[in-house]
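To keep things clear, I will list the structure first and then write my remarks on it.
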Number of protein chains: 2
Amino acid sequence: MNIGEVAERSGIPPKTIRYYEDIGLVRPQRSGNGYRAFRETDLHKLAFLGRARALGFSIDDCRNLLSLYEDENRESAQVKAVAQEHLSAIDDKIAQLQSMRETLSHLVRSCHGDDRPDCPILSDLAGDKS
Amino acid sequence: MNIGEVAERSGIPPKTIRYYEDIGLVRPQRSGNGYRAFRETDLHKLAFLGRARALGFSIDDCRNLLSLYEDENRESAQVKAVAQEHLSAIDDKIAQLQSMRETLSHLVRSCHGDDRPDCPILSDLAGDKS
DNA sequence: CTTGAGATTCCAGTAACTGGAAGCCTTATA
DNA sequence: TATAAGGCTTCCAGTTACTGGAATCTCAAG
């Protein structure tokens, strides 16, 4: 398989696949013409990566998960640990965003948003006390 | 004021303040010794930036908000538009994270997490049906 | 006079790609 | 057979918003 077909089938753009090779996540062989020659296992790996990335795992986590996946003797506890840590990072991020959202939506609601210059959003950012 | 004091009072680290000058967000004067000489207005601007950044506004948004802030003839509608767009970006991000969270927490719950290699998390990432 | 704190500049690295240029390789068509 | 289109290659640069570190300079205290 050439890179185009793999891209199509894995849903990962060619550029990204080349990047993943650069950083050692996949190691496709090469055909005589210098083109990358992907096997089914490479495709499988890339699809794995695509799903892990879609769940927000970092590249480093992905590397880790992939090696656990390929290790017959892994302990599921190791996988679970990675996932749990990521989950709690997601929770933190959600909490942070929700707090921003809270403040921001108050501000937006309080701004009349017309042609007058008076604006509580700017006042707040400027630090004006109430 | 030297950069250290401004950093202290604005809560923005010196490195970041220098960076903000690099990209033209603040333009402190210079004293004879080459040190940056900040006025109260610079400090005020930096505090403004700190608050905007804390609400998740991008540097570009900040630049925009700052210029609106300094424009006596702004229309509050412009400010509100920036804020609303950011708010909806935040909402999108929260939704995306919550969807990740959903999937991931199911997976985590379904993994027994012991010394056995069997792991639903990996199975899911590998694309195993059911 | 020396020492230490705080200031300066410049370079590089972070995360994970993405865009673009220049140039092969292959295939189809005129 | 010439050529044009499309896919592939590599390499360089840019993105976001800083942050760390090195080498050097300035200033105040003892």
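Lettering of chains follows the sequences in order, A, B, ..., and the numbering in each one begins at 1. Everything quoted here is computed from the prediction, not taken from an experiment.
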Report summary line: The side chain to side chain donor-acceptor pair (under 3.5 Å) partners of B:Asp124 (sequence neighbours excluded) come to none
**Report entry** Pairs involving residues 12-37 of chain B, ordered by first then second residue, that meet ring pair (Phe, Tyr, Trp, His ring centres under 6.0 Å) (sequence neighbours left out)
**Finding:** none
Query - Of all pairs that satisfy salt bridge (charged side-chain N to carboxylate O under 4.0 Å, His left out), the ones with a partner from residues 2-16 of chain B, not counting sequence neighbours - result: B:Glu5-B:Arg9, B:Arg9-B:Glu40
Query raised in the report: Residues in salt bridge (Lys or Arg N to Asp or Glu O under 4.0 Å) with B:Arg27, at least two apart?
Result: none
Query raised in the report: Quantified as the angle between the terminal helix axes (five pairs each), what is the overall bend of the helix from C:dC1-D:dG30 to C:dA30-D:dT1 to 10 degrees?
Result: 30°
**Report entry** Pair listing, salt bridge (charged side-chain N to carboxylate O under 4.0 Å, His left out) test, anchored in residues 92-111 of chain B, at least two apart
**Finding:** A:Asp91-B:Arg101
**Report entry** Any pair counted as ring pair (Phe, Tyr, Trp, His ring centres under 6.0 Å), so long as it reaches residues 83-116 of chain A, sequence neighbours left out
**Finding:** A:Phe57-A:His86
Report task. Let me have a per-nucleotide readout for nucleotides 2-16 of chain C, 5' to 3', with B, S or -, counting only protein heavy atoms under 4.0 Å. Result -> ----BSBBB-----B
Query raised in the report: A:Ala7: what forms a side-chain contact (heavy atoms from CB on, under 4.5 Å) with it, not counting sequence neighbours?
Result: A:Pro14, A:Ile17
